[in-house]
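Scroll down for the structure; my scribbles are underneath it.
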Amino acid sequence: MTSQDTTLAASASRLPQERRVVTEIPGPRSRALHERRLAAVPPGVGSVLPVYVTDADGGVVVDADGNSLIDFGSGIAVTNVGNANPRVAARVKAQAERFTHTCFMVAPYESYVAVCENLNRITPGDHEKRSLLVNSGAEAVENAVKIARYATGRQAVVAFDHGYHGRTLLTMTLTAKNMPYKQGFGPYAPEVYRMPLAYPYRWPTGPDDCGPEAAALAIEQITKQIGPTNVAALLIEPIQGEGGFIEPAPGFLPALAEFSRANGILFIADEVQTGFARTGDLFACEHEAIVPDLVATAKGIAGGLPLAAVTGRADIMDKVHGGGLGGTYGGNPLACEAALAVLEEIEEGKLTERARRIGEIMLPRLRALATRHPAIGDVRGRGAMIAIELVREGTKEPDPELTARIARRCHENGLLVLTTGTYGNVMRFLPPLVISEELLTEGLDVLDAAFES
Ligand SMILES: *Cc1c(COP(=O)(O)O)cnc(C)c1O
């Protein structure tokens, strides 16, 4: 089946798949809960839209006031298979009634092994692989770096401008953006180096030569500043998520992968946000046929249960000494059952095709919107990972204020959207891959109306 044949048919849903605004948003119940929260939770933990959720299913999120919002966030690309997906819920429930934890490092269980077998099978490349399960994207990235250092005996790690890799000490160091991720949290981890990214919209000589030019610049700087023989790993998201849904210009990733291979540097793909059918491929690396040495995954892996993984070449992964890797909760049995359900849903539900179809619907609508509103400087993305970048008219100067205003207007009208980007001027759209075409179109109508006002 080609993506043209795929319609976004609504699957059987527990909740009505509708936008329903019955109070102001956030409404009185959510505002009261928010007051309680402010007295109990530090403000360092933010919320994009403080409506307090009571239910969610398919493409909608329902709040304490009875509003039903169209979900263009998927909890940051996590609930790709839909929230409380029935197959996920059933497997988790059954597992919770058998055993909830033994610690895989104490007494193991089959589901952990089955998740790893699946990851080894579906991640890019048909070489022999191994996988290790942990709890969060940051933990996956940290472990990938540990393994790369161990396997190469080298220390330096190369990361990229606009990259985001997490909030732990090492991963915030690897992250490019200071505010809010790093400010005041130093000193940072050593031996992390940052290189320029092939950002087509903002490349000084324009998008056409961006890929090869940026790759040549990065390779020159690595060679000059670090020395390739000192570099353990090159770490990159195949599409920068928090950095603004930047698709690196064509040729950039293959050139870096080739340089890495030629110099004994391990190529680590951070597919935490891009993975599990989100971009219309199972993994975003497939788009340019990149085969990473190590892949970090999380977010979409288990339908919202905390799970993450490092998958890599067997010869690299097998080097680390016994007991050198692990963690108390890593590969928790509930999360493993959820992941097995997610993988079945992705394959049976043809979710890569659905993701592509979502992109085919969204991109033309957004491009049309951009012709009417010059504040939309760029429309980009693949599959169901789509963004618009907002600028001051007639310039490329970022407009984070307008971005926040449009997002607020969408929220008030029952569309849950997220903003992102190094300059805070990108609206990103991450609908669940099971969203119906009607709801997707209605969400775009709400966005359209927000620009008109
Ligand atoms: C979210 C994210 C992380 C961090 O994952 P957590 O589960 O929040 O620790 C790392 N890398 C990328 C690309 C991400 O989007």
Side-chain angles (χ1 to χ4, degrees), residues 44-48 73-80 123 132-146 148 157-177 180-182 185 189 192 194 197 199 233-248 253 267-279 281 283-285 287 290 292 294-311 327 329-332 335 338-339 342 381-387 418-422 426 428-430:
V45 186
S47 292
V48 171
S74 299
I76 320 185
V78 169
T79 53
N80 293 2
T123 48
L132 150 81
L133 302 182
V134 290
N135 302 297
S136 71
E139 208 185 341
V141 172
E142 292 244 11
N143 275 283
V145 170
K146 281 167 64 175
V157 179
V158 170
F160 289 82
D161 201 6
H162 308 287
Y164 178 85
H165 301 290
R167 293 177 181 269
T168 59
L169 174 58
L170 177 59
T171 58
M172 83 168 165
T173 305
L174 290 161
T175 291
K177 189 178 174 179
Y181 307 121
K182 305 167 83 159
F185 297 141
V192 170
R194 190 167 317 285
L197 178 82
Y199 188 165
L234 191 151
L235 167 70
I236 191 162
E237 304 158 79
I239 297 177
Q240 283 59 41
E242 305 307 300
F245 283 26
I246 303 162
E247 281 184 278
L253 295 174
F267 187 100
I268 307 175
D270 180 346
E271 291 253 18
V272 169
Q273 192 157 160
T274 47
F276 301 100
R278 174 55 55 185
T279 64
D281 290 303
F283 295 96
C285 277
H287 187 69
I290 305 289
L294 297 160
V295 186
T297 53
K299 292 195 167 91
I301 194 174
L305 274 87
L307 188 70
V310 184
T311 301
Y329 293 124
N332 167 273
V342 163
R382 290 206 301 269
M385 186 169 183
I386 302 287
L418 310 177
T419 60
T420 186
T422 299
V426 174
R428 58 168 153 176
F429 310 114
L430 293 162

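Just so you know, ligand 1 is whichever comes first in the structure, and atom 1 is the first atom listed for that ligand.
- Residue Tyr181 qualifies as enclosed at atom OH: its count of foreign heavy atoms under 6.0 Å is above 12.
- The heavy-atom pair separating Arg278 from Gln273 by the smallest distance is CG-O, 3.7 Å.
- Judged by distance alone, the side chain of Glu271 and the main-chain N or O of Ala284 form a donor-acceptor pair under 3.5 Å.
- Closer than 4.0 angstrom to ligand 1 by heavy atom are Ser136, Gly137, Ala138, Tyr164, His165, Gly166, Glu237, Asp270, Val272, Gln273, Lys299, sorted by chain and number.
- Legend: residues meeting salt bridge (Lys or Arg N to Asp or Glu O under 4.0 Å) with Arg194, ordered by chain and number and at least two apart, are absent.
- You'll find the side chain of Asp270 stays beyond 4.5 Å of the side chain of Tyr164, heavy atoms only.
- Two residues are said to be in side-chain contact when any heavy atoms from C-beta on lie closer than 4.5 Å; Leu253 and Pro238 meet this criterion.
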